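Every chain is numbered from 1, with letters handed out A, B, ... down the list of sequences. Remember, predicted model here, so these are calculated numbers, not experimental data.
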2 protein chains.
Amino acid sequence: MYATALSSTRRVAGVPSIVSAPGFSRPQQISLFSAESGIYAQGERSGALYRIEFGAVRIYRLLADGRRQVVAFHLAGETFGFEANPSHSFFAEAMVRTGVRTLNHSTNDEAASELMALALRSMIRAQEHLLVVGRQSAVEKLAVFLVDMAERQGDLDHIDLPMTRIDIGDYLGMTIETVSRSFAKLRDEGIVRLLNARSVEIIKPGRLRRLSR
Amino acid sequence: MYATALSSTRRVAGVPSIVSAPGFSRPQQISLFSAESGIYAQGERSGALYRIEFGAVRIYRLLADGRRQVVAFHLAGETFGFEANPSHSFFAEAMVRTGVRTLNHSTNDEAASELMALALRSMIRAQEHLLVVGRQSAVEKLAVFLVDMAERQGDLDHIDLPMTRIDIGDYLGMTIETVSRSFAKLRDEGIVRLLNARSVEIIKPGRLRRLSR
DNA sequence: CGGTCCTTTGAATTTCCTCAAACAAAGTGG
DNA sequence: CCACTTTGTTTGAGGAAATTCAAAGGACCG
């Protein structure tokens, strides 16, 4: 009952509540999060890494007036935590029921190089994202998003979206109506088929990919 | 004669030429770059850090069709190099005559932690940038940019811009005309005074700051 | 002084957003 | 199992914001 309906255009006051899960800070243990529950605790020291065993997570920032920017989506098998700087009003939330393994923040070289690699990947991702948000049209943005999701889910023909249109809009910097209309354009051109709002079949991968650059 | 006139709306074919400066890869030595010359060499290994002794540098990415996104501006006294992933068609260029010190990529702990701190800062900056580009209006974007520049130059009343309107537009995700019109709005509201196109006096810092969030 | 590049401004157009309404899907309680 | 509510999605109409196209002025340089 809080951040679910949050979007840039439907603004809200205040920030979402933060929920800590049982066993959260015990390393090498899987923590469970129900859909729409928060993952970062407010006082959390930065540097902690999280590996998603199953489910999906969104990372976002808020403007004072409630406008939201989703910085990243993370899917099963992915590691995150580098984006999360609690001192800069970042939030991480499970989008669906999600299992997360908290990785030890040990000081050995191995962990350090892993952290560095993650930092580099996160940076590249953030900048690709910036390029998309800053420099592409609505349909191009959606195409980039769909191609990315398809690749990360390992199935180039079919995508299951764990997020709402609000999430997608706040990720791509546009309203939910524009997201929906962009879906409609891709559908009307025979590029994708919408089995339902969360399930997308890619009919013409080549055209989608061409749109996305 | 290459990347200067590059912008998202005035598209160009091809990529800018890369110029290597004398003494570039010798550590602890200052390399000089003339205005509009490239700093990263194409094959440059990542991980190298650069400290700007004087001048200013832009970091950017290109889309295939020539649209450009400026990812960051770096001013004198700042360290950069983390954003630069040569394998992802990133470019770094001096905007004005610039002196750069290449820092040793040593493997000791001190250097590693410095690199990590830089990574974190770059990430935070990138995400602030994403929030601005994705979620703010033209005037708000310009206000954020001006406040940021003023703080980084250590003078809250006056800004010297080392970059063109094209750079600003490609940094904020808008056209040069919109940048110019946004400047005009701030001027017409008595928030700033334009001594010339590159020199801005901030008359009402409070109003500018309020616009920027 | 002529040329080039940058900037500003205007007018027309396009894109996206806002507001509104209807529909669909999923959950709740009787 | 069915009304009822809530939440999410789609679509339309109108309006606002930014872009595109065009032109003119200004600064700098050879």
Query raised in the report: Taking for each residue the nucleotide of DNA chain C bearing the nearest heavy atom, is the 5' side occupied by A/N196 or by A/V179?
Result: A/V179
Report task. Just do the salt bridge (charged side-chain N to carboxylate O under 4.0 Å, His left out) check on A/D170 and B/R135 with the steps written out, would you? Result -> CA-CA 8 Å; A/D170 284 350; B/R135 283 298 175 214; 2.8 Å; yes
What's the closest nucleotide to the side chain of [X] if the choices are [options]?
{"X": "B/T164", "options": "C/dT7, D/dA18, D/dT9", "value": "C/dT7"}
{"X": "A/A184", "options": "D/dT10, D/dT11, C/dC16", "value": "D/dT11"}
{"X": "A/E177", "options": "C/dT18, C/dT8, C/dC6", "value": "C/dT18"}
{"X": "A/A138", "options": "C/dC6, D/dT10, C/dC16", "value": "C/dC16"}
{"X": "B/R181", "options": "D/dG12, C/dA11, D/dT9", "value": "C/dA11"}

Report task. Check the angle between the aromatic planes of B/F73 and B/Y171 and answer parallel, tilted or perpendicular using the 30° and 60° thresholds. Result -> tilted
Is any side-chain nitrogen or oxygen of [X] closer than 4.0 Å to OP1 or OP2 of [N]?
{"X": "A/R198", "N": "D/dT9", "result": "yes"}
{"X": "B/T178", "N": "D/dT19", "result": "yes"}
{"X": "A/R165", "N": "D/dT11", "result": "no"}
{"X": "A/T175", "N": "C/dC16", "result": "no"}
{"X": "B/R67", "N": "D/dT19", "result": "no"}

Query raised in the report: Going by an N to O cut-off under 4.0 Å, is there a salt bridge joining B/R125 and B/D148?
Result: yes
Query - Lys/Arg-Asp/Glu bridge criterion (N-O < 4.0 Å) met for A/R68, A/D167 - result: yes
**Report entry** For atom CG of B/L142 and atom P of C/dT8, their distance in whole Å
**Finding:** 11 Å
Query raised in the report: A/D167 has an atom CG; how far is it from atom P of D/dT9, in whole Å?
Result: 9 Å
